[in-house]
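Keep in mind the model is a prediction, meaning the values are calculated, not measured. The chains referred to below are lettered A, B, ... by the order of the sequence lines, with proteins before strands, and numbering in each begins at 1.
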Amino acid sequence: MKTAWQPEGYWSLVALQFRKNHVAVLGFIVVFFLLVIAALADFIANDKPLVMRYRHSLYFPVLKQYSVSLGVSRWQPEFQNISFKEFVTANFKAGDWVQFPPIRYSPGEVYLSEVLQRPTAEHWFGTDDVGRDVASRIVHGSRISLYVGFIAVSIYVLIGVFVGALSGFYGGVVDIVLSRFIEIMLSIPTLFLIVTVVAFLPQSLFNIVLVIGITNWPRVARLTRGEFLKSKPLEYVTAARALGASDLRTILRHILPNTLAPVFVAATFGVASAILIESTLSFLGFGVPSTVASWGSILSAARELQPTGWWLAAFPGVAIFLTVTSYNLVGEGLRDASDPRLRG
Amino acid sequence: MRNYFVKRLLLLIPTLLGISIVSFLIIHLLPGDPARVKVEAPERNQLVTEQTLRETRVIYGLDQPLYVQYFRWLKRMVTFDFGESLRDHRPIIEKLKERIPVTFKLSSISLLLAYLISIPLGVYSATRQHATGERIITVVLFAMYSLPNFWVATMAIVYLGGGDFWDVFPVFGLASAGAEHWSWWKRTQDEVWHLILPVACMTYYTLAVLSRYMRAAMLDIIRQDFIRTARAKGLSERVVVYRHALGNSLIPIVTLMGDVLPALIGGSVVIETLFAIPGMGSLSYEAVFTRDYPLLMAIFTLSALLTLLGILVSDFLYTLVDPRIGYENRVAT
Amino acid sequence: MELMRRLFAFFLVLFTLVSGCSHPAEHGEGVAFDSGQPVPGDWAVVRLEAEPDTLNPVNYVSSVAQYVMWGAKNSQVYELLMGYNTKDWDVTEPLLAEAPPTVSADHLTYTITIRDGVKWHDGHPFTVDDVLFTFKATACPLTDAAAHRSSLTDLADIQAEGRTIRFLMSKPNVYNLRNVVTNLMPIAPKHIFDEEGLLDGFSYKDIIGPKGKTDPKIKKFAEHFNAHPNNRAPVGTGPYKFEKWDSGREIVLVRNENYWGKKPYLDKIVYRIIPDYTAALTALKAGEIDVQPRLMPIQYKEQTSGSAFDQQLAKMTYSIPSRFQIFWNNERPFFKDKRVRQAMTMLVNREKIIESIRLGLGQVVESTFDPHGKEYNPNIKPIPYDPKRAAELLDEAGWKDHDGDGIRDKDGVKFKFDFLGSTGSSIFKQLSPVLADEFRKAGIEMTERIIEFSVMTQTLKEHRFDASVVGFTSDLVQDPYQIWHSSSAAGGSNFGNFKNPESDRLIEQARLEFDDEKRNQLYWRWQELMRDEQPVTFLYYVTEAAAYSRRFRDVEWLPLRPGYDLMSWWVPKSAQKH
């Protein structure tokens, strides 16, 4: 028999509260949409067809590419290293058909005869300075943004919260030592840290993420420490201790959830700022290799050409804006929704 | 409490020393060295003999073992002698004297504006949480915040700098040609006009970030019991917000203030390069690429000192903002 | 009738004169030709892309320092012994020397008589001691002049008396004249840099000997010299005097009213330091600077046209001895075979690259020599872009896809290599995807490797790379020894490890061939060899674009960096701005 009152779990409460915030829900939808695009990027923009019927056989080149890169299979000799578009024009006869993805260009396909073209039916977002299709780069760039945003932020939030919590909770010698360590990290100018990492490690996407992670955790640590210092003398902590809660339990279950507000804000800003930092690194010359299509590097390359090539700046700019705003809305929505004091 | 801060001040010295050693090691471990940079640019296709490289290293004092070089540097630093820059043998103190005031001007105005605007903005955002006005502000702030500053700066230069579009602002430097002959008033006006674009480009991002932090912190506090108590007591909204809530919500702002001191002489290499402003940002950038060891050490040391002081100040400010914070280990056992 | 014929003849002569002055440098639109008599007055505000490291003529390294100190024609604030003559761009125009040097029969001694009556900007007379001092200061191992000291390795001794100075070389080399005697050494004032005469007691030989490192007087001199206040306030003999250096902002030069030669017309030259290209073009259009000597290709093509632009500004292109090439590391298994190297060149669509990436600002030159010089062999046709033939050559050389994975291989080695570039190199960022795409279609896999700019040269010299793109800027005439001789693979610029005995022989012979005709024959033969060997792929020879205010007349653009020489520019009274 159902009772009138059902005990609800913490997260379903949060979800309910979140749903009431319409703007945040909008943000969530956009984030979800971006995740989908990132996952299906190869099926949205690719120079290989989704499905092709050639000489009475059915082929699935996009899927085949996955298995080839995994090392599981090899391309048929007639499809090795070719441009499928050219292949189709040259070899198709009656009875053959092909279905390309909606954007029929790969992010790395270069066309020196179609450099810096405005948006047309063929290239929806125009082309860049070596003739690559911008729409395709934006679609594939969503992966990079996700990667940079989430991984970089995860690195530094985890480290920062951990160090900051310990420092703020224990105080005394622990605080003194850990704080000095934080101070040393903070004292080294960011630019120098970047150059050092770049000098020792080859320039790659992961190393950019590493750099962003290393340069940002001290700030989060200080924020967390500040919050812990504030919370430690409060009654509920004393109560928990009196009830026999261990240090770890006190930290994790009692203090941390209440002090996460600024950390949440830092994390959501962080995802967005990671994307921006990547972009500034490209501007300074330390960005991702040119084989990787990131929104930041497109924007940075577009900068020099202005005012020519507005499409090179507008589209990545809009993409970054949408992504950043959505993440922030979701982050703030989550923060608001998980705050028990805001309910009712 | 006082003991704690005296202890902290004294701790500054060994910390600085530790930082200087770490910095020294990193700087010297970087591949390449100033002698090579001086003597080889890929553009020059000259046969450079090992001998000339060696001679240059002697001139730069790089022929000594690392610890000797470090102690020489330390000895000089104790007398506040920063040494000579390897690039042009000018005393580093001269270069710093030229550039720090420029960066200080830009950064201080920028930070002041950012804090002045963001705090009320954050308060407003928190107290009028669901009003349409607030929503619009949120979106605008997010927009401002999603644009990289090299991008905004370039747009400003191209569209407002007098190229093919509007000519509203001057686009390089901090003074017009011949400005040194003008009256004080005209010079100041001219400088303000030159400062507007770079300062705006430096400020908007910090502004957006700070105001969101402010909002989050305010929201947190406003729902707490002691605020409800204050309201129940019949205090006006303004008193509630500004006297009771604001203080507590300033904690994260105060934390971030730890960054302010070093930022005053840090400078932004992006803004300085784009607007041709000779400040500390471009000096540091150049120092890294030319491996100008003494200059790098000087910049590091100054920056470290200011960072440590900034952190100390912000820790001190915590106690003012929230008297319950103590630094003694008071966890009940 | 008579009048008509005379008029016709006049215009015919005028036309021939104007078109006959065909210059390797000046091809452009909007050349301002003279309309009236030159008058003095006005300033030129020129953009400088970086701040000079120092204005010491012996210790400087940055090229912008050179632009300020003696410009393109060897005479601005400081002067050299000889300058370029504008007919054939040879260094045969006497400046501080009275006449071109005389050479001894064994080509080991060069004798120069210096010009009489020249004064330094502070009134002191210019003497032969200044020349001797300049060389001593450069050769001294304790001055921070290593960048220039290397060019003096073959100089054994200098003797000076009266107004004559004699350079004694240790070995004959046709390039001694340019490298040592006339081209690289701007003359520095002894009375300024060595007030106490510390170097007087030492001969040139002493300085390059062991005493040079240990003698306390020399040490004292060197320390003082390296940090000398006049490094920021040069005193020279040239047509422009130094006025001020506003650190990070601008450098101002003012006309030298007591110049020994023909005085320039512009009262002042103001160098404004603006690193960013976009900001520089905006400043030009807003009238805040007058001359922008280096435009980006996109700016030249798209952003410098239209009626508003044409009313005030003009633009031109000029070529400079600067070239980009792809170095293949000849020691790597794939690049050992010259057929593979030829194939790689055939896979690079150079014409297309110039058209689309440089937007036309460049030319394909299948040679290391400047195409306007006599050493250049015009009969050599560049290797065409031909992927089919490239595939054939690769097959011939044994590089086939034996294991069916789409990548060529041979003896178990896959044709996979790294393309090395430095941070911030825009040519690398644009070239790399183009090449990767083209190579992949040919069954070659190329990946990127980016390292920091400051360590690039070292990595190249130590041959720790597979392939890389490098830009070189040189003099109009350059000894190929530096880059192409096998001994230069150990510390020189022979990054690609190219070792070919025939090439070595030709280079060595040419150095000792003092007859111009015969030497050029050797070089022509050498270029044929190089075309066959393809140790590098020559990408393009740089054409620069510039824009400047229309109010200047007699604007000369030169085929040498920085590309302009302000000596001849003037502004009609009615148009003068300052």
Side-chain angles (χ1 to χ4, degrees), chain A residues 23 169-172 175-176 179-180 182-184 186-189 191-192 195-196 199-200 219 222-223 225-227 229-230 232-234 238 241-242 261-262 264-266 269 272-273 276 279-280 283-284 296 299-300 303 306-307 313 317 320-321 323-325 328-329 332 335-336 339 341-342, chain B residues 11 15 18-19 22-23 26 30-31 135 138-139 142-143 145-151 154-155 158-159 163-165 209 212-213 216-217 219-220 223-224 251-252 254-256 258-259 262 266 269-270 284-285 288 296 299-300 303-304 307-308 311 318 322 324-332:
Chain A
V23 184
F169 185 75
Y170 285 110
D175 183 25
I176 290 183
S179 283
R180 302 290 84 70
I182 295 176
E183 283 169 6
I184 292 182
L186 277 176
S187 306
I188 303 180
L191 180 65
F192 190 73
V195 173
T196 310
F200 286 117
R219 202 149 291 130
R222 274 188 62 72
L223 274 175
R225 175 181 175 271
E227 289 295 314
L229 283 176
K230 189 181 71 174
K232 206 174 54 177
L234 294 178
T238 331
R241 286 349 249 347
F264 244 133
V265 178
F269 271 131
S273 97
L276 291 172
S279 169
T280 304
F283 168 75
L284 292 175
L299 202 59
S300 140
R303 185 204 78 82
Q306 296 308 305
I320 293 181
F321 168 66
T323 310
V324 164
T325 311
N328 283 337
L329 286 173
E332 289 202 348
R335 195 216 76 80
D336 291 351
D339 186 348
R341 294 175 287 233
L342 284 180
Chain B
L11 266 175
T15 317
I19 294 179
V22 169
S23 316
I26 299 182
L30 270 182
R135 290 265 189 255
T138 304
V139 174
F142 282 162
Y145 163 83
S146 69
L147 299 168
N149 65 348
F150 68 82
W151 172 247
T154 305
M155 289 295 101
V158 169
Y159 291 102
D164 298 319
F165 304 91
V209 171
R212 291 332 264 183
Y213 270 116
L219 277 178
D220 217 22
R223 314 294 166 182
Q224 283 188 18
I251 299 229
V254 165
T255 310
L256 295 175
D259 283 338
V269 58
V270 170
S284 318
Y285 195 63
V288 173
L296 282 172
I299 295 176
F300 268 39
S303 160
T307 308
L308 294 178
I311 293 177
Y318 276 146
D322 184 348
R324 290 171 302 167
I325 291 181
Y327 291 102
E328 272 57 81
N329 190 348
R330 285 204 261 120
V331 176

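- With hydrogens and angles disregarded, no donor-acceptor distance shorter than 3.5 Å links the side chain of S300(A) to the backbone of G296(A).
- No part of T323(A) comes within reach of chain B, as not one of its non-hydrogen atoms sits under 4.5 angstrom from that chain.
- If you take CD1 on I19(B) and CZ on R180(A), they are separated by 9.5 Å, rounding to the nearest 0.5 Å.
- For S179(A), the side chain to side chain donor-acceptor pair (under 3.5 Å) criterion is met by D175(A), R225(A), not counting sequence neighbours.
- In this view, T154(B) and R303(A) satisfy the side chain to side chain donor-acceptor pair (under 3.5 Å) rule, not counting sequence neighbours.
- Nearest heavy-atom pair across L299(A) and F150(B) is O-CE1, 4.1 Å.
- For T307(B), the part sitting under 4.5 Å from any heavy atom of chain A is the side chain, from C-beta outward, and nothing else.
- Only the side chain of I176(A) has a heavy atom closer than 4.5 Å to any heavy atom of chain B.
- Of the two parts of V158(B), only the side chain, counted from C-beta on, holds a non-hydrogen atom closer than 4.5 Å to a non-hydrogen atom of chain A.
- In this structure, chain A has a heavy atom under 4.5 Å from the side chain of L11(B), while its backbone stays farther away.
- Only the backbone of L147(B) comes within less than 4.5 Å of a heavy atom of chain A; no side-chain atom from C-beta onward does.
- In this structure, chain A has no heavy atom under 4.5 Å from any part of P262(B).
- Chain B forms the most heavy-atom pairs under 4.5 Å with one residue out of L329(A), V324(A), T325(A), and that residue is T325(A).
- We find the CZ-CD1 distance between F300(B) and I26(B) to be 6.5 Å, quoted to the nearest 0.5 Å.
- Within the 4.5 angstrom heavy-atom criterion, no atom of S23(B) approaches chain A.
- Proximity to chain A (any heavy atom under 4.5 Å) is shown, for Y145(B), by both the backbone and the side chain.
- With rounding to the nearest 0.5 Å, the separation of CG in L308(B) from CD in E183(A) is 5.0 Å.
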